[in-house]
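Order of the sequence lines fixes the chain letters, A, B, ..., with proteins taken first and strands second; residue numbering starts at 1 for each chain.
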Amino acid sequence: MKTEPKTATLPAYDVVVIGAGPAGMACATEASRAGLSTLVLDEQPRPGGQIYRDIEASDSGRRGILGKDYEAGAHLASGLRASTAEYLPGAVVWNIDSEKQIDFSAGGGSRSVKAATIVVATGAIERPTPMPGWTLPGVTTVGAVQILLKTSGVVMEDLVMVGSGPLLWLAATQLIAARTPPKAIVETVPAARYREAAKHLGKALPGWRYLAKGFAMMREVKRAGVPVHRDAEEIVIEGETAASAVSFVSGGKRQRIETAHVALHQGVVPNQQITRLMNCRHRFDKSQRAFLPVLDEHFETSVDNVFVAGDGAGIGGAKSAAMRGRLVAMRVAEKAGRPVSGERETLKAALRKDAAVRPLLETLYAPSEDTLSPADSTLVCRCEEITAGQIREAVALGAPGPNQVKSFLRAGMGPCQGRMCGLAVSEIIAAAKGEEPSSVDYYRIRPPLKPLLLSELADFGAEEAPRQAAE
Amino acid sequence: MPQRIDGSGETVRFTFEGREIAARAGETIAAALIAAGETTTRESVVSGAPRGPFCMMGVCFECLVEIDGVPNRQACMIAVEPGIAVSLQKADEVAA
Amino acid sequence: MQSDAIVIGGGLVGAATAYGLAREGLTVTVLDEGDVAFRASRGNFGLVWVQSKGDGYPDYAIWTRKSADLWPGLDAMLKDETGVSTAYQKPGGLHFCLSEEELENRKALIARLHNVHGAANYGARVLDRQEVHAMMPGLGPDVVGGTYCEHDGHASPLYLLRALHDGLKRRGGRIVADAGARDISRDGDGYAVTTPAGTFRSERIVLAAGLGNKPLGEKVGLNLSIAPLKGQILVTERTRPRLDMPTHVVRQTGEGSIMIGDSHEDVGFDVSSSSDVMAMLAARAIRMFPFLTDLRIVRSWAALRIMSPDGYPIYQQSETHPGIFSVNCHSGVTLAGSHALALAPMIAKGELGEELSAFSARRFDAPAN
């Protein structure tokens, strides 16, 4: 059976932006302003991404708690709404082929579009934080705590925050503003890190606003009387059927705090699912301790006309994300032969300034040794319950990397499709082999990017004739 | 216990394991469950160990629940609706 | 480094052969590729399948059946030696027909294979609509009949591979990763294999590098006509036990996932998963098992089968380079029993037996007329 290629009849766009966080919103707005036909596909029901989650729905009370930086998202969201870009919320992309046909699920059915250029603006996810007890109910990420606050105004009275990073301090001050300060902060930054980070202070000065904000947040936590346990290690979350306490070693002795709610954080890392699916080249960034797509100066990947904007290109924060989104749109317009906005150079300078603080933050808040090399008995793959020790055994058996480990153990084969363990698995294998994660690499990512109902997949085929005869 | 910081919003009622839950219109099932003090939403298909919402952004798949008899739904990605019956995703109903 | 045998390729074919050689008392080194090798083993559907194999090629029917008979023993020894279960089960297997025409063709095939195995020996029978629906509850109305064979079974390809690697190591074998063979040259009475991980020496070499056998074979006087054939598999989330036995396109794993295969695409070395084929597989599976409608696909796999021109294996010792054997086939799970426990002893003795003469590469030589 020979049929016409279905791609001929698909809706086509100059640019398809995947994700409606700061980068996606800014990129789509700028691209449509430049006259490019633009489609935005986003999983969430409303624009904002995770950082500006529910920005349009939040009232002045909640915005007051979440702070000025959160409010900045409102302008981006209204910009997107006012633009000519087509915005499709609730759209889950599950496959993209090498011809840039994007298959996505929306409203219970799957459809396809063709893109001349794809902008991946899927942002960041929280770094895996394997430690004893991290799978107990009541334990969440710090990001989850923020999402609860943004979307539902829900807070915990007895929250203990464990880990490190700017997001942890930000969430703590937001909880204080909501009159529910965390019960304690257990910070995993080793004392020596402050001295190492101080070396980057000079170069970080253009980003003095961030530094000032950081110090202000720490002062606020202190003023609120929140106990901060510094230089904590050997963290264990206790509990039988749910979290009941956090114990850790700080100041040379083991301490224990009773709580039913623990929030973990070791920084955020680029969400690589789409760039991996599209076989874009990646590298391991030692400073960010994460895999990043290899990009040219205009944020274009190794695959022609596939760009990454925002934190997916390397963690830079919401402000940088929006600027990178605009810069990507300008480059796409330029490649399409349109005049380049005179703002580009100004934007680039602003981006450099905004990024100045990053080396300091990356040094200070590098992930803790405990989470990078968890004890043998610690679960790493939460879905399939695979421990760090089993991963090390598989390496000893000869598995050269995460894909063989996956097939030996089923690590990464559960419903999260490796998102929650991938980076940790690569780190553990690399350490076991005495190599760097760059040579070990990462899980191969295959469709569907998110679980997909079999009936929906079958109907997807029925609507459009297959491109290749089956036999 | 979890608290709500603002009183506004329309209330939507549904059940979890037969218990009535009062949620805010527009919020996700996972948020409503956490607000109601329900932190366990599924049993691990491997060991049967209890699990609950972890990332709240659709990444970790820990918040899988059964909604009106349909298993493996992501509670953090689906908005509450009046009258839905949500239950724990139990291990024995998923795997041997 | 010197060993009694070098096996090039650490997939199911190489690992089964290497494990078998180690059982014969040889010191074995497996030279494996890196983490992202094409590795057909990872895309294997996991059937130990007899019922339709070897139609028109009796030697293959018999070789396949032999492997199925050796499987319970292989499974037991691997479990015993390594503690790893391959999840092997032999409840028999079902093939479904979705039209009367398909069923008629199937009947004829079963009749032909009866003649190969002998009716008493074959263990396959044709099922009409009532029989097939009684044997497999939950089938859709489009299934008009099918065939059942008691020698069919299934196993986890991934656990099988791990058990073979583990078993080989416990018998003193070595598996060297990131050691894809670049060249094979004569070295005294034996051969030297150069790899990025160093040079390895042996008098006996088994080429089990899948599609990589072709360029390696050319260096040692083996003209191997093999090409890739893409196969795709869908894997669902876990569900409660729904299927008592494997079928030719749908099976339930020990963990509870449902695997859905199989497609044939002649598309070269492309292992991306195409949405169209995924959709076609989903639609066909739902026709057979309507309950699948409500399950979610969590993974898909595409891998490359190794196909000879007639689709049957090639087992060949080089005439110009004695001691170098090549193994070329798909169905690495089904044939694991034969590879470990029948082929490996022959290679250990230095001679492929008479039962493998039908699988010589010479059958593809231009006819002399």
Side-chain angles (χ1 to χ4, degrees), chain A residues 6 94-98 101 103 110 112 277-279 383-384 393-410 413-417 429 433 439-442 444 446-448 450-471, chain C residues 10 30 32-37 39 41-42 84 157-159 161-162 165-166 168-169 174-179 234-238 255 257-258 260 263-267 270-287 292-302:
Chain A
K6 73 174 177 187
W94 57 265
N95 197 13
I96 305 175
D97 70 10
S98 54
Q101 176 183 318
D103 306 324
S110 279
S112 305
L277 174 75
M278 297 201 71
N279 292 317
C383 298
E384 294 290 333
E393 278 170 31
V395 174
L397 191 57
N403 293 292
Q404 187 78 319
V405 165
K406 180 177 176 177
S407 66
F408 276 176
L409 300 175
R410 296 184 60 82
M413 282 196 191
C416 94
Q417 299 165 305
I429 294 170
K433 290 179 77 179
S439 62
V440 167
D441 215 26
Y442 195 75
R444 183 164 183 149
R446 294 177 169 280
K450 288 272 174 102
L452 179 67
L453 213 55
L454 206 65
S455 53
E456 187 176 328
L457 178 57
D459 290 347
F460 172 75
E463 277 163 34
E464 286 143 322
R467 266 178 295 171
Q468 295 148 344
E471 278 170 306
Chain C
V30 173
D32 207 359
E33 289 213 45
D35 192 45
V36 289
R39 185 124 307 170
S41 311
R42 288 194 202 128
V84 178
L158 305 181
Y159 290 152
L161 185 64
R162 180 174 151 204
H165 279 216
D166 201 336
L168 173 66
K169 281 215 147 179
R174 274 193 316 156
I175 300 161
V176 189
D178 303 311
L234 306 179
V235 186
T236 72
E237 61 198 353
R238 296 175 190 229
E255 289 81 18
S257 303
I258 307 259
I260 299 166
S263 62
H264 303 282
E265 298 165 85
D266 192 2
V267 290
D270 172 11
V271 288
S272 62
S273 295
S274 103
S275 299
D276 298 337
V277 176
M278 289 170 66
M280 189 268 294
L281 293 178
R284 195 180 55 175
I286 289 172
R287 267 184 87 190
L292 292 173
T293 299
D294 295 330
L295 288 176
R296 284 171 194 77
I297 300 295
V298 292
R299 249 190 341 277
S300 72
W301 259 106

**Contact winner vs chain C - A/P402, A/G414, A/G398, heavy-atom pairs under 4.5 Å** = A/P402
**Item:** Rounded distance [0.5 Å steps], OG1 in C/T236 versus CG in A/L453
**Value:** 11.0 Å
**Asked** Minimum heavy-atom separation for C/A177 to A/P400, with atom names?
**Response** CB-CB, 3.6 Å
**Complete:** Of all heavy-atom pairs linking A/F408 and C/Y159, the shortest is O-CE2, 3.5 Å
**Item:** chain A contact via C/L161 - side chain, backbone, both or neither, heavy atoms under 4.5 Å
**Value:** both
**Request:** Indicate the atoms forming the closest heavy-atom contact of A/P415 with C/V298, along with that distance.
**Result:** CA-CG1, 4.3 Å
**Prompt:** To the nearest 0.5 Å, what is the distance between SG (A/C383) and CZ (C/R238)?
**Reply:** 9.5 Å
**Item:** Within-4.5 Å side-chain heavy-atom neighbours: A/D103 and C/M278
**Value:** no
**Request:** Against chain A, work out which of C/A285, C/G34, C/A282, C/G10 has the most heavy-atom pairs shorter than 4.5 Å and name it.
**Result:** C/A282
**Side chain C/S300, main chain A/P447, donor-acceptor under 3.5 Å** = yes
**Request:** First locate atom CG of A/L397, then atom CG of C/D166, and finally report the distance between them rounded to the nearest 0.5 Å.
**Result:** 5.0 Å
**Asked** If you round to the nearest 0.5 Å, how far is CZ of C/R296 from NZ of A/K450?
**Response** 12.5 Å
**Request:** First locate atom CG of A/L457, then atom CG of C/L234, and finally report the distance between them rounded to the nearest 0.5 Å.
**Result:** 6.0 Å
**Prompt:** Do C/I260 and A/L454 come close enough that some side-chain heavy atom pair is under 4.5 Å?
**Reply:** yes
**Complete:** Cut-off 4.5 Å, heavy atoms of chain A, and the answer for C/D294 is backbone
**Message:** When you measure from the side chain of C/D35 to the backbone of A/Q404, do you find a donor-acceptor pair of N or O atoms at a distance under 3.5 Å?
**Reply:** yes
**Prompt:** What is the distance from atom OG of C/S257 to atom CE of A/M413, rounded to the nearest 0.5 Å?
**Reply:** 9.0 Å
**Request:** Just grab all the salt bridge (charged side-chain N to carboxylate O under 4.0 Å, His left out) pairs involving residues 397-407 of chain A, residues at least two apart or on different chains.
**Result:** none
**Request:** Find the one option among A/L277, A/N279, A/N95, A/V440 whose heavy-atom pairs under 4.5 Å with chain C are most numerous.
**Result:** A/N95
